[in-house]
Each structure stands twice: as structure tokens, then as C-alpha cells.
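The next block holds one structure in the form of C-alpha cells; read it before the comments.
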2 protein chains.
Amino acid sequence: MPVNSSQPKNKKQQLLDAALALFVNQGIYATSTASIAKKAGVATGTLFHHFPSKDALVLELYKNIKQEFALQIAPFELDVTQLEQQAKVIWQQAIDWALANADQQQFCLLVMQYQPLSANTKAQIFADEFGFLKEIMLFGQQHQLIADYPIELMLESAHGQFLTSSQFFINNTELAQDTKYSEAAFNLFWKSFTN
Amino acid sequence: MPVNSSQPKNKKQQLLDAALALFVNQGIYATSTASIAKKAGVATGTLFHHFPSKDALVLELYKNIKQEFALQIAPFELDVTQLEQQAKVIWQQAIDWALANADQQQFCLLVMQYQPLSANTKAQIFADEFGFLKEIMLFGQQHQLIADYPIELMLESAHGQFLTSSQFFINNTELAQDTKYSEAAFNLFWKSFTN
DNA sequence: GTCTATAGTGCGATAGAC
DNA sequence: GTCTATCGCACTATAGAC
């Protein structure tokens, strides 16, 4: 069976797209299901046909975004002689993704403080998608390239530094092209971990 | 005129205290003005006598906390020969404050993503209370102790690293006493800025 | 699968007595 | 300054026709 021929994609995706735009502009709590449905051009009943609740919609949106992001930045293979270079590539891909998908990035920040989704749920999604980051750090430690700090602390720190820098460039897009800024951002990140 | 003799402090403070506890446990949006008044042991009308709106209460609470925190960590005088040591003292005071005032710290994190308070309002409070951080960084750059990265980026990075580390220790209180962790946290912070 | 219509709930804020 | 009582509104979610 081929896909529907009409140009509006399936209504579920329209709802997710509309929700993302509204969440980022107004916050998650401040966005009503009715307004999501209206922006998507469907009825409220349709929203609740596709998602059992507002929070189920939030969760699915969050999972989709984290999955897509992880796909973008996950590396191929590790090379000890090129670890800093590889880290730089991953960092820059991550920053570029955040800049090209500023709404998605902002939404992830909102979800971090959105309490109806439990901390466990979010931690599980993070562990599922970003296990390779832990591998890289352990690899770097084994080869004396990365300082011997506790790994959980380093993971949190790396995540925090990425959020901070991407947020900075999203709020100052004109500076993202300025190598003085983009190289400083990576150096701030990388130097904190090196021996 | 002496202060009121009855042991409940003034009701305005009771309302602020109750609000903080509820906000941290449930989030700001999820906490109703009625529940704040109930927890404070006063009527809802009393809340709206002291604060024109829920958001005015949120803002006053936020200002009070930021002010108290800045008082705790602001330094005395700068000494170029001891900059790292001074930074370490400030960092540790900040982490200690966050641990001893975990609710206040969590609330600041919630406010960061609370959109009814404008970004301008929050930035203004930050600039008012934490101007001395910028002074320290410029001082360190002038004396070649701190890398010559753009100052706004460094300020954001420092703030982000503090939030990340304090959050980690609040979620893992038993590790805060472990010097392996506390020194790693400072080193992650400090090394990112040094030449 | 999508719609209209609405049930049921809980919110922020106000009025007015004391 | 504090209370009780309540208004008016907007929200999530459901029911039932098509």
C-alpha cells in the first residue's frame, strides 16, 4: 500500500511538529492540547487518538529528537592517535546539529526541567542513546589522554558544557561562524578533560 | 515598633518558604497558589495581598535567593599571585552553598526554564549580582593566567559548569565529601580556563 | 481515523466582611 | 492584614456521529 497522496503528511507527524514549535515558544505547561491540535490543523479528539495523554506526546517527541541527534554525532571507530581530532569532530557535529535544530535543542532543555517525565525515564533515554560517549572517555583514560577523574562526573560535565555552548551559539547565531568563538568553545571543553 | 512577638514569622515569609518547597517538589507550573497558601497556613486572599500575582511571588523568591548566594561567594580582594587559590575558595563556597541550600539551587534551575519570567529579567539579576565574576576573569586575562577566550563565552561556560557540578553533588550527596570527586570537579572547571 | 461538542476539573484572581 | 466565598475561565480528556 503506497503512502497517502495528499500533501499533508500523516496527522501524527503534524501534531508532533506543531507541538514542538509551541513548546519552544511558550513552554510545555503553557501549551494546551487544544492549541497543538489547532496549529496542526486537526481536532483535539484526533490528538488523543494518537497519544493517550499530553505527556505521552511529550515523551515521544523527546525520544525521537534524542534518537536523531545521537545518530548525527555517533562516531565510526576510535583511533588513539587521533583522539583529540575525533573529539573535535564529534563536538562540532553536535554544535552544528544544535544550531541547525535550535527548536529541538531548546525543547530538550525544557524537558530536562519538566517534572511530569520522571528523572529515570530521561536517564534511561540518555544511557540508551549516548553510551558511546562513556566508551570514548574510558578509552581516553586507558591511553592516558584523558584525566583520571570519576567517569560519571566527567559525563555530566561534558553534557553540561555542550548544553552551555550550544545555548550560547543559539542565542548569538552570528558568533557561531566566528572561529575565535567556535575554537574557544571546543578548547574550553577539551582542556577541562586533558591530563 | 518592635517585631511581632508571636513565633510564626510574618506571613509573607511563610508564603515564600512554602512556595519554595512546593516548587522544588512539583515544579512551578504544577504548584497552585491555593496549595502555597494552604502549606503556609494562610488564606489564598492573603497571598494575593502580599503578591500581585503568582509570577511576582516567583520573581521575588528568585531575587532573594540570588542575592543571598552572591553575598556568600563574593570575594574580598584580588591577588594576582593567588588567583587559582582564590578561584578554588570561591568555587568551593559556591558548591557548599548549593549543597546546604539544595532547594534554593533546584529552584534557580527551574526558573532558568520558566518562561513567564523574561530572559531579560533574569539576565539583569545575574549581571547585578555577579558582576564580580567578570572582573575576576578580566583580571586573570590581564595577568596571563586565564586564556584569552571571549569573555561572554567564558562566563556562560563557568556558570554552566557550576550548575552541572552542583547538580551532580546534590544528586549524589555522599560523594561531595570525597576529595577525589570534589577536587576533580574544581579541576574540570579550572583547567578549562587556564593557559 | 477524524470530527464536533461537551463533561468535569482545577486554576488565578477578586469581593467584601471583619 | 487576613479571612471566606466564589467568579469566570481554560484546561485535559471523553463520547458518539460520520
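Excluded from the calculations below are hydrogen atoms, water molecules and symmetry mates; all remaining heavy atoms, backbone and side chain alike, are included. Throughout, protein chains are lettered first and strands after them, A, B, ... in sequence-line order, and every chain is numbered starting at 1.
Residue B:L47 contributes atom CG, which lies 17 Å from atom C1' of C:dA15 at whole-angstrom precision. Between the CD1 atom of B:I36 and the P atom of C:dA13 there is a distance of 11 Å, rounded to whole Å. Taking atom CZ on A:F51 and atom P on C:dT2, their separation rounds to 11 Å, with Å as the unit. Between the C1' atom of C:dC11 and the CG atom of B:L57 lies a distance of 16 Å, rounded to the nearest Å.
Listed by residue number, the members of residues 112-121 of chain A with any heavy atom below 4.0 angstrom from DNA chain D form an empty set. Of the residues in residues 15-24 of chain B, none lies under 4.0 Å from DNA chain D by heavy-atom distance.
Partners of B:F23 by ring-ring contact (aromatic ring centres under 6.0 Å, His included), not counting sequence neighbours, listed by chain and number: B:F107. For B:Q26, the side chain to side chain donor-acceptor pair (under 3.5 Å) test picks out B:T31, with sequence neighbours left out. For A:Y149, the ring-ring contact (aromatic ring centres under 6.0 Å, His included) test picks out no residue, with sequence neighbours left out. Residues passing the side-chain contact (heavy atoms from CB on, under 4.5 Å) test with A:F126 are A:F130, A:H159, sequence neighbours excluded. Considering only residues two or more places apart in sequence or on other chains, A:F169 meets the ring-ring contact (aromatic ring centres under 6.0 Å, His included) condition with none of them. Residues passing the side chain to side chain donor-acceptor pair (under 3.5 Å) test with A:T81, sequence neighbours excluded: A:D79.
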Worksheet entry | Secondary structure of DNA chain D in dot-bracket form (Watson-Crick or G-U wobble, distances below 3.5 Å, | marking inter-strand pairs) | ||||||||||||||||||
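For residues 42-68 of chain B, no pair satisfies ring-ring contact (aromatic ring centres under 6.0 Å, His included), with sequence neighbours left out.
Side-chain nitrogen and oxygen atoms of B:K12 include none within less than 4.0 Å of the OP1 or OP2 phosphate oxygen of D:dG1.
Aromatic ring pairs are classed by plane angle as parallel below 30°, tilted from 30° to 60° and perpendicular above 60°; the pair A:F186 and A:W190 is parallel.
If you check D:dG1, C:dT2, D:dC3 against the side chain of A:H49, the one that comes closest is C:dT2.
A 6.0 Å sphere centred on CD of B:E174 holds more than 12 heavy atoms belonging to other residues, nucleotides or ligands.
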Worksheet item: Once each nucleotide of nucleotides 4-18 of chain D is scored for protein heavy atoms under 4.0 Å, what B/S/- sequence comes out, 5' to 3'?
Response: BB-----SSBB----
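Two rings, from B:Y114 and A:Y114, have their centers 6.0 Å or more apart.
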Item to complete: Let me see the working for B:Q105 and B:F162 under side-chain contact (heavy atoms from CB on, under 4.5 Å), right down to the final yes or no.
Response: CA-CA 11 Å; B:Q105 177 71 10; B:F162 165 65; 3.8 Å; yes
Donor-acceptor pairs are to be reported for all side-chain atoms of residues 88-103 of chain B against protein atoms at under 3.5 Å, with residues two or more places apart or in another chain.
{"from": "B:Q92", "atom 1": "NE2", "to": "B:D96", "atom 2": "OD1", "distance (Å)": "3.2"}
{"from": "B:N101", "atom 1": "ND2", "to": "B:W97", "atom 2": "O", "distance (Å)": "2.8"}

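Taking a cutoff of 4.0 Å between a charged side-chain nitrogen and a carboxylate oxygen, A:K12 and A:E60 qualify as a salt bridge.
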